[in-house]
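Worksheet: the structure to be examined is printed underneath.
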Amino acid sequence: MNADIMLDVEGLAAGYGRVPVIQDISLKLRRGEAIAILGANGAGKSTMLRAISALLSRAAGTVRLAGDDVTGLSAERLVAAGLSHVAEGRRLFRKLSVEQNLELGLYALNPPAEMIAERREEAYELFPMLRQKAQQPAGSLSGGQQQMLCIAQALTRHPKVIMLDEPSLGLAPILVEEVFRTLEKVRRAGQAILLVEQVVERTLAFVDFAYVLQNGRIVSKGTPAELASADVVRRAYLGEAVAVVDHA
Amino acid sequence: MSGEDFFALLVSGLTTGAIYAMVGVSLNIAYKPTNVFNMAQGGLIMLGMMFTWVLLSVLGLPWILGVPLAMAIVAAVGLVEERIAVAPLHNVAGHSHAWVITTLAFSIILVNAADQIWGADPRYVAPMPGTSLTHHRFGIVGFNTAQIAIIVIAFASIWLVEYFYHHTRLGRAVLAVSEDSDGARLCGINPLRLTMGSFAAGGAFAALTGAIASPILFASTEFGLDLLIKGFIALAIGGLGSNWGALAGAILIACIETLSSVYLSPGMRQIALLAVFLAVLLMRPNGMFGRPGGREV
Ligand SMILES: Nc1ncnc2c1ncn2[C@@H]1O[C@H](COP(=O)(O)OP(=O)(O)OP(=O)(O)O)[C@@H](O)[C@H]1O
Ligand SMILES: [Mg+2]
């Protein structure tokens, strides 16, 4: 087994109730690598992340994290094992302060006070505006600031793998750039990134490899260059809309 | 009616309010991480009363030993309730409100079992050591020290609960789970464990409530439901989940109850209580201290 493979998902299937939403998902993510999952609305991208992070129970499949089989771990144990999932929709504890949110982000590590202070400092260095807002309730931050806090919450855990579900959704272009700049730093630090995104071109410019998801199955995969030439991305991503426009 | 009578009623209203507030807070404790409104909370308070009576009046244990012991026993009962009436529902697919039935069923079992064992007669429990029912008077304010003890313990225990939520790691984890359970799991917080802990803590708090209420209400297996309803109204007025809101709501309804027992005919008392209840809900549908539910995205 290649020790450099940080996340190895095989034959994953999951859904809500009896309805399967994703099926036969396999993917690999190496140390210091970034991959993207692309797909239209409703393709099953978020469902896939929820199944990997065990928020959603899996119907089939195995998950390995840095070589260890973590298939049986609960969502909260997986966080401690080094898998961070920044969920869709800026999930913060809105009534609690920025500082308290950062502290809760470290809950899995059961950190001593010095470590909390140290990691908090890291978050403030990454996103300096969080320092000024430290005592404010997270719900009072702007959308962009909330997204930064979500990312900081996950990164300060020093995860082996970080999965982000549409981190740039609803952000101004300048903030989208800031998200990607941060992710670039993360990648250079050797952490592995799994990115679900809507901004296809910017994402393909960033990642090393991408998977295209359609109706819950991987229909295509390859390097950004391979995918761009195949045109399959646009089609899968925009679904019917492309076909209509093409024929117009 | 004289000013003295008025103040005596006010002190008695405050005392009853303090007890209702503790009922509301014990409901909040179980509600926080689960969104389950524990219908058996009244039964747990009743058990707290009965065990206080057994341990203090029958077995003669000192208060400082007997009350914590009653709290530990009822905490265990709360834990059992969570295991058999709440935890199994996590495995039921979909958004389930089955807890209304299961916790109510547990409550019925509790009350019937207690009735089989102890009967419905009210039992006398002595005021806590250092206090008595002897009337004191300062100027126009009349009170007894048992009342003062209840008010002080209620405020102190509610303050302690609030301190726990806002200033301890575990307490904040409970707040996190109550706001966004999946979000909390993604931080490594295990909601199931906090749910168990909260039902046990809710049981202990219920027992403390029963223990401090029993000297003025007497201990009886018939008190549970009435206290549950008063706690619920206090929460509906103060805002579900808010402990200081529970206190404000409880004092309001207890004072209306006490004052109307003198000024109004029995039929009008219920109407007065309902009128205030409705007025608050019309002006603030989430209670005086409640915030609109749900997450804004
Ligand atoms: N909680 C749920 N219960 C039932 N079905 C769901 C639930 N969440 C999502 N689905 C369904 O699963 C399918 C995949 O949804 P998912 O949210 O994974 O898509 P997505 O690719 O993340 O879409 P988007 O780009 O809109 O975020 C959709 O058909 C959706 O209706
Ligand atoms: Mg999604």
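Chain letters run A, B, ... following the sequence lines, proteins first, then strands; residues in each count from 1. In this text, all values refer to a predicted model and were calculated from it rather than measured experimentally.
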Taking atom [atom1] as the centre, does [X] end up with more than 12 heavy-atom neighbours from other residues, nucleotides or ligands that are less than 6.0 angstrom away?
{"X": "B:Asn190", "atom1": "CG", "answer": "yes"}
{"X": "B:Leu278", "atom1": "CG", "answer": "yes"}
{"X": "A:Arg77", "atom1": "CZ", "answer": "no"}

Between [X] and [Y], which heavy-atom pair has the shortest distance, and what is it?
{"X": "B:Cys187", "Y": "A:Phe93", "result": "SG-CE1, 4.0 Å"}
{"X": "B:Gly183", "Y": "A:Arg91", "result": "N-NH2, 3.9 Å"}
{"X": "A:Leu55", "Y": "B:Arg185", "result": "O-NH1, 3.8 Å"}
{"X": "B:Gly188", "Y": "A:Ala108", "result": "CA-CB, 3.8 Å"}
{"X": "B:Leu186", "Y": "A:His85", "result": "CD1-O, 3.5 Å"}

For this session: Please report the C-alpha distance between B:Leu175 and A:Lys95 in whole Å, then the side-chain angles of each, then the deciding distance to 0.1 Å, and finally whether the side-chain contact (heavy atoms from CB on, under 4.5 Å) criterion is met.
Result: CA-CA 9 Å; B:Leu175 294 184; A:Lys95 294 176 205 160; over 6 Å; no
For this session: Under 4.5 Å heavy-atom distance to chain B, tell me which part of A:Ala80 shows up: side chain, backbone, both or neither.
Result: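 Answer is neither: A:Ala80 stays 4.5 Å or more from chain B.
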Exercise. Non-hydrogen atoms of chain B under 4.5 Å away: do they reach the side chain of A:Ala154, the backbone, both or neither?
Worked result: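 Neither the backbone nor the side chain of A:Ala154 comes within 4.5 Å of chain B.
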Exercise. Highest number of heavy-atom pairs under 4.5 Å with chain B: which of A:Glu103, A:Arg157, A:Gln146, A:Gln153?
Worked result: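 Sorted descending by pairs with chain B, the first entry is A:Arg157.
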Exercise. Which residue, A:Ile116, A:Asn110, A:Leu106, forms the side-chain contact (heavy atoms from CB on, under 4.5 Å) with B:Arg169?
Worked result: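 For B:Arg169, the side-chain contact (heavy atoms from CB on, under 4.5 Å) test succeeds with only one of A:Ile116, A:Asn110, A:Leu106, which is A:Asn110.
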For this session: Report the C-alpha distance between B:Leu170 and A:Tyr107 in whole Å, list the side-chain angles of each, state the deciding distance to 0.1 Å, and finish with yes or no for side-chain contact (heavy atoms from CB on, under 4.5 Å).
Result: CA-CA 9 Å; B:Leu170 202 58; A:Tyr107 194 90; 3.5 Å; yes
